[in-house]
Every structure is written in structure tokens, then in C-alpha cells.
Amino acid sequence: MALSTQPYKGARDFYPEDKRLQKYMFGKLRQVAESFGYEEYDAPILEPLELYLAKTGEEIVTEQTYVFEDRGERKVVIRPEMTPTVSRMVAAKRQELAYPLRWYSIPNLWRYERPQKGRLREHWQLNVDIFGVAGIEAEYEIIQLADQIFKSFGAQADMYTIKLNSRKLMDHLLGEYLGFDDVQQLSIAKLIDRMHKISTADFATQLDALCSPSQREAGVDTKLQDILAAKQFQQLPDDLQQHPSVQQLQMVLTRLKDAGVTNAMFDITIMRGFDYYTDIVFEVVDNDPTNNRSMLGGGRYDGLVGLFGVEPVPTVGFGFGDVTLAEFLKGHNLLPQMPTETDLYIVFVGDSLQKSQKIIADLRGMAVNVAVDLSGKKLGDQFKSADKKGITYALVIGEKELAEERFTLKNLKSGTEEQHSLERIVSIVKDRRQQND
RNA sequence: GCGGACUUAGCUCAGUUGGUUAGAGCGUCGGGUUGUGGUUCCGAAGGUCGGGGGUUCGAGACCCCUAGUCCGCCCCA
């Protein structure tokens with residue numbers, strides 16, 4: 001049995017054309033984050049198991065992460081997410097950092113589960129966080145940044161929707177307002193989370209099953225369904241409209257609108273899991289019905305840094321996975337041509353390779369990316385090879401060119417061919433590269 | 001962890017109710033007289049039909065197991 005050439009389950013090989021796409025996407029992400037003053041950080045891919053146990057149940061950690069014992073008998077996890085790590089880093093330097101702290105990273109993350117559409121075992125995820133701002137200015141800035149990412153890829157406002165909700169609102173609604181106990185709240189929250197996946201009738205049935213007989217009698221379940229049908233704040237009962245969390249959501253949405261973000265809306269069904277979020281949560285979903293899933297998600301988590309035994313630091317952040325981003329870009333036809341980094345492919349007539357070494361070095365010295373044909377094949381095959389690599393320009397060097405110090409530059413896309421000095425060739429080749437950027 | 005579909009050449013696939021040496025297109029390689037490719041012409045290589053077991057005179061096809069891929073569920077950081 002021969003060795004398998006497949007990559008590990010749920011992980012991807014990045015051939016140069018795949019890596020080019022990744023470089024393009026990450027480049028834009030970095031550019032936008034940095035334009036808002038966010039600084040890039042990184043951390044080890046391994047973390048001690050305890051870091052995740054503190055925040056999540058043991059089951060989810062041991063069943064859905066890569067966890068193992070190292071040679072020193074330490075329990076180690078390959079990080080499934082970045083938030084605990086960045087919280088740890090901030091806590092470690094709690095006193096000496098300048099707030100508000102604006103950080104971002106594009107970590108490689110792993111989760112142990114069965115791969116499916118838009119969800120692999122290994123992926124990259126942009127993480128953007130702002131630390132030290134208790135007010136909604138933080139939400140406003142972070143969501144604006146998220147929106148700017150989509151715009152930077154050329155997305156139109158009708159291609160995606162930014163949905164906001166508040167965990168405080170939901171806690172108040174399910175707890176004080178409707179009177180569900182803690183266990184019920186958790187189950188109902190999970191039910192609401194997958195509300196869009198099931199039919200209204202199924203939702204009603206499952207909700208009914210979670211209510212006590214007296215709650216059913218009082219019509220609590222229908223009351224909740226009515227509220228969940230609300231598309232705007234005005235459709236909420238007056239009591240809820242007066243709740244501070246609603247006021248805050250309204251303010252964030254108003255500010256976003258003023259900033260030209262027209263596709264942000266209130267969506268009471270957005271739950272964002274159920275772990276560390278403490279207040280406003282948000283998601284960006286693809287409007288393409290065939291990819292109707294959340295691409296980017298985040299919210300406020302004011303409690304995490306404090307878990308490390310330091311004064312808590314209010315935080316708002318989001319994560320944005322590379323797989324869902326790529327699907328969005330493909331689905332909406334937003335991917336540009338991504339040419340190779342190689343500017344020039346040098347082909348030889350006869351045995352001129354050795355005599356051309358200085359010319360090649362000079363070209364590289366002038367910041368041209370030069371690949372040299374070493375095949376010794378006939379000229380036509382050398383052109384074929386350059387074209388297959390996607391390189392636009394081929395430079396022919398033979399006895400004639402070496403003697404005249406004028407070289408034949410062939411554009412392989414158009415088929416045209418001209419003789420120029422080395423300096424002229426450098427400027428032509430660089431012009432083309434700038435047009436692509 | 002559970003369920004469904006799929007797996008034939010490097011890639012995309014065809015292969016009739018089980019019947020001789022398993023096919024196509026694209027790609028790859030070689031050639032069409034030694035300084036011009038991507039279009040064309042000629043030719044070639046390339047497959048224990050995912051792996052193992054079974055039924056049968058005979059299996060790419062039928063049955064069982066197993067691996068992998070994809071799609072759902074659970075879960076979602």
C-alpha cells in the first residue's frame with residue numbers, strides 16, 4: 001500500500017494558487033485592522049488544558065479539541081479559539097498596557113469534529129478585540145471595522161447583513177419578564193439559536209415541551225413566540241422597549257447608520273452560543289440563501305480577563321473564519337485574478353545561462369522577481385513553461401542579446417515582443433506589477 | 001458521536017439486467033529538420049476500478065467490513 005498523498009482529515013494543503021488566495025485575504029484583513037489602529041499579536045498554538053476548562057465544560061474540551069499529554073505529563077490543547085489566549089496575554093500585562101488596547105491576530109485553530117460545509121478541523125480566524133472600553137463606543141468601532149472588511153473586498157451592502165442582539169436583553173426577557181428558571185433559560189436559548197433551521201411548528205412544539213404546565217396555561221410560550229417575531233424595537237412590548245439594553249442597541253444602530261452602515265439590524269434570535277458573552281452580541285450573515293450561515297460573530301465579554309485573578313477589563317471582539325470568508329467571496333464573485341509574484345521568466349537560446357549571471361543579478365538588484373529556466377529545452381518549451389506558471393513576461397537571452405545589450409521581452413499574454421535595454425525592461429515589468437496591485 | 005450519498009487514468013467522468021484484452025475529454029510526455037509557447041497535426045505513457053473479505057463458472061457492477069470524500073444532525077469557540 002502506497003503512502004497516501006491526502007492531507008490530514010479536515011485540514012488543507014495550500015498549493016501556491018491556494019496560498020495566493022490566502023495571502024490576498026489576510027492582506028486585506030490586516031490592512032483594514034491596521035487602518036483602525038489595531039496591532040497584530042500572536043501566541044503559541046499549544047495551551048494548557050486548564051485555560052479552556054476554566055471557561056467551558058470539560059466535555060466540550062475533551063471531545064471537541066485536540067488534547068494530549070506531553071512528555072512532562074502536562075495536559076496540552078491545540079488551541080480551538082483565540083479568545084482565552086488573548087485574555088491571558090492581556091491579564092499578564094494588565095497594569096502596563098495602554099488602554100484602550102486594540103489588538104488583532106490571524107491564528108491557526110483546530111477543533112476535533114467531523115468536517116462539513118464551511119467547517120473544517122483546521123482553519124484560520126481573524127480575531128479583533130478592543131480592551132478597556134466599557135461603553136458602546138467599543139461595539140460601534142468594532143462593528144464598523146467588521147463592516148469595513150466586507151467593503152474592502154468589494155462587497156455591496158445587499159450581500160450581507162449585520163445582526164445585533166443583547167444577551168442582557170435575552171436574560172431579562174427569559175428570566176424576569178417571562179419567569180423561566182435557569183435550566184429552562186439555557187434550553188430555550190439553544191432552541192432560539194437554531195430557530196431559523198427548523199419550522200415554526202417544530203419550534204412551537206419544542207418550546208411547548210420546555211414549558212411547565214402552569215406556564216403553558218398562562219400562555220408564556222405564545223407570548224415568547226410573539227416577541228421573537230419582532231423585527232423592530234417598536235414591535236417589542238413597552239416594558240422591554242424601556243430596558244437599558246434596548247436603548248443601547250438602538251444607540252449602536254443609530255450610530256452605525258450615521259456612519260453609512262445601512263445593513264445593520266436588530267435580530268432578537270441571535271444568541272452566539274452561551275458562554276462568555278455578557279452584553280451586546282452580533283453576527284454577519286451571508287445574504288446568499290445557499291450560504292445562509294453566520295460568517296463573523298462576536299460581542300462583549302467583560303468577564304474573561306478577570307478570570308486570571310486581575311481586575312476585570314471590559315472587552316469587545318469578534319472572530320472571522322477564513323473558510324466562510326472564502327465562500328462568501330466566491331459566492332458573490334468578488335475574487336480578483338491573483339497573479340504569481342514572479343515578474344519575469346528568463347529563457348535562453350543556446351548555452352547563454354552562465355554568461356547571463358550578472359544580468360540576472362542586476363535585475364534582482366532592481367527589485368524584479370526573476371525565475372530562470374534551467375531545463376535546457378528548446379525555446380518554445382521554455383515559453384510554454386513560463387506561460388503555465390502564469391508569468392506575464394519572458395526575457396529571451398541569446399548570443400545576439402548579449403552582444404547588443406538589448407534584450408527581447410515577450411509578453412506571453414498578448415504575444416507581443418520588443419527589444420529593450422535592461423533599465424527599460426525593469427520599468428515595464430514594474431508597471432505591470434503596480435497595475436495588479 | 002449519529003445518519004445519508006459517493007469513491008473507475010493526474011483531473012472531470014462514461015461503463016447496459018454480472019459476460020472476452022476497462023473507455024472518452026482534458027492534462028502529461030515525445031515528435032512535425034536545431035531563435036518563439038498558448039490555436040493545429042501525429043504518436044505514446046498512464047488503471048490489482050479506494051482497501052479487505054464473500055456470493056458466482058465469471059464481479060468495476062451484487063452482499064458484508066474498513067478507510068476516505070462530500071452533505072446533514074449533535075455541537076459551535
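A, B, ... follow the sequence lines: proteins, then strands. Residue 1 opens every chain.
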### Query
Taking the side chain of A:Arg114 as heavy atoms from C-beta outward, which of B:C2, B:C75, B:G32 is closest to it?
B:C2
### Task
Write down the distance separating the C1' atoms in B:A67 and B:G51, rounded off to the nearest Å.
7 Å
### Query
In whole Å, what separates the P atom of B:G32 from that of B:G37?
12 Å
### Task
Take atom CG of A:Leu49 and atom P of B:A77, then tell me their distance rounded to the nearest Å.
19 Å
### Query
Should the heavy atoms of other residues, nucleotides or ligands under 6.0 Å from CG of A:Asp70 be counted, would the total exceed 12?
yes
### Query
Roughly how far apart, to the nearest Å, are B:C75 and B:C2 at atom P?
16 Å
### Query
Rounding to the closest angstrom, what is the interatomic distance between B:G30 and B:U48 at atom P?
24 Å
### Task
Please state how far atom CZ in A:Arg194 lies from atom C1' in B:C76, giving the value in whole angstrom units.
13 Å
### Task
Between A:Arg111 and A:Gly10, just flag the one whose closest nucleotide in RNA chain B comes earlier from the 5' side.
A:Gly10
#### Entry: Nucleotide forming a Watson-Crick or wobble pair with B:G38, both distances under 3.5 Å
none
### Summary
Here the distance between atom P of B:C73 and atom CG of A:Asp193, to the nearest Å, is 13 Å
### Summary
Atom CD of A:Glu122 and atom C1' of B:C76 are separated, to the nearest Å, by 18 Å
### Query
Between A:Arg12 (CZ) and B:U69 (C1'), how many Å, whole number?
16 Å
### Message
Say we look at B:G15 and B:U8: how far apart would their C1' atoms be, to the nearest angstrom?
### Response
9 Å
### A:Thr408 side chain to A:Glu401 side chain, donor-acceptor N/O pair below 3.5 angstrom
yes
### Query
Within a radius of less than 6.0 Å around CG of A:Asp351, do more than 12 heavy atoms belonging to other residues, nucleotides or ligands occur?
no
### Task
Would you tell me whether A:Ser105 and A:Asn127 have side-chain atoms, one donor and one acceptor, within less than 3.5 Å of each other?
no
### Query
Paired with B:A24 by Watson-Crick or G-U wobble geometry, both distances under 3.5 Å: which nucleotide is it?
B:U12
### Query
Do A:Asp286 and A:His332 get their side chains close enough for a donor-acceptor pair, meaning under 3.5 Å?
yes
### Side-chain-base donor-acceptor pair under 3.5 Å for A:Arg119 and B:G72
no
### Message
Considering every strand and a 4.0 Å limit on heavy-atom distances, what is the contact class for A:Glu113: base, sugar-phosphate, or nothing?
### Response
base
### Query
Which base, if any, makes a Watson-Crick or G-U wobble pair with B:U7, both distances under 3.5 Å?
B:A67
#### Entry: C1' gap between B:U17 and B:C62, integer Å
12 Å
Any N/O pairs under 3.5 Å between the protein and nucleotides 36-39 of chain B? List them or say none.
from  : atom 1 : to       : atom 2 : distance (Å)
B:U36 : O2     : A:Lys410 : NZ     : 2.5
B:U36 : O2     : A:Glu417 : OE1    : 3.0
B:U36 : N3     : A:Glu417 : OE1    : 2.6
B:U36 : N3     : A:Glu417 : OE2    : 3.2
B:U36 : O4     : A:Glu417 : OE2    : 3.1
B:G37 : O4'    : A:Gly380 : O      : 3.2
B:G37 : N7     : A:Lys410 : NZ     : 3.3
B:G37 : N1     : A:Leu412 : O      : 2.7
B:G37 : N2     : A:Asp387 : OD1    : 2.6
B:G37 : N2     : A:Asp387 : OD2    : 3.1
B:G37 : N2     : A:Leu412 : O      : 3.0
B:G38 : N2     : A:Leu412 : O      : 3.1
B:G38 : N2     : A:Lys413 : O      : 2.8

### Query
Can you name the closest pair of heavy atoms from A:Ser356 and A:Ile397 and give their distance?
OG-CG2, 3.3 Å
#### Entry: Spacing between A:Gln116 atom CD and B:C73 atom P, to the nearest angstrom
7 Å
### Message
Using heavy-atom distances to pick each residue's nearest nucleotide on RNA chain B, tell me which of A:Gly398 and A:Gly118 is more 5'.
### Response
A:Gly398
### Between B:C76 (P) and A:Tyr277 (OH): distance, integer Å
12 Å
### Query
Does the side chain of A:Lys388 get closer than 4.0 angstrom to OP1 or OP2 of B:U28 through an N or O atom?
yes
### Query
Which value, in whole Å, describes the distance between the C1' atoms of nucleotides B:U7 and B:G60?
12 Å
### Query
A:Leu191 CG to B:C76 P: how many Å, rounded?
13 Å
## Note on the structure
The Watson-Crick or G-U wobble partner of B:G72, with both key distances under 3.5 Å, is B:C2
### Query
Got more than 12 heavy atoms from elsewhere within 6.0 Å of CD, A:Glu39?
no
### Which nucleotide in B:U69, B:A77, B:C75 has an atom nearest any side-chain atom of A:Lys197
B:C75
### Task
Please check if any side-chain donor atom of A:Thr85 sits under 3.5 Å from a side-chain acceptor atom of A:Glu47, or the reverse.
yes
### Task
Kindly point out which of B:G72, B:G32, B:G68 is positioned nearest to the side chain of A:Gln6?
B:G68
### Task
Could you measure between the two C1' atoms, the one in B:U34 and the one in B:C11, and give it in whole Å?
34 Å
### Query
Would you call the rings of A:Trp103 and A:Tyr41 parallel, tilted or perpendicular, where under 30° means parallel and over 60° means perpendicular?
tilted
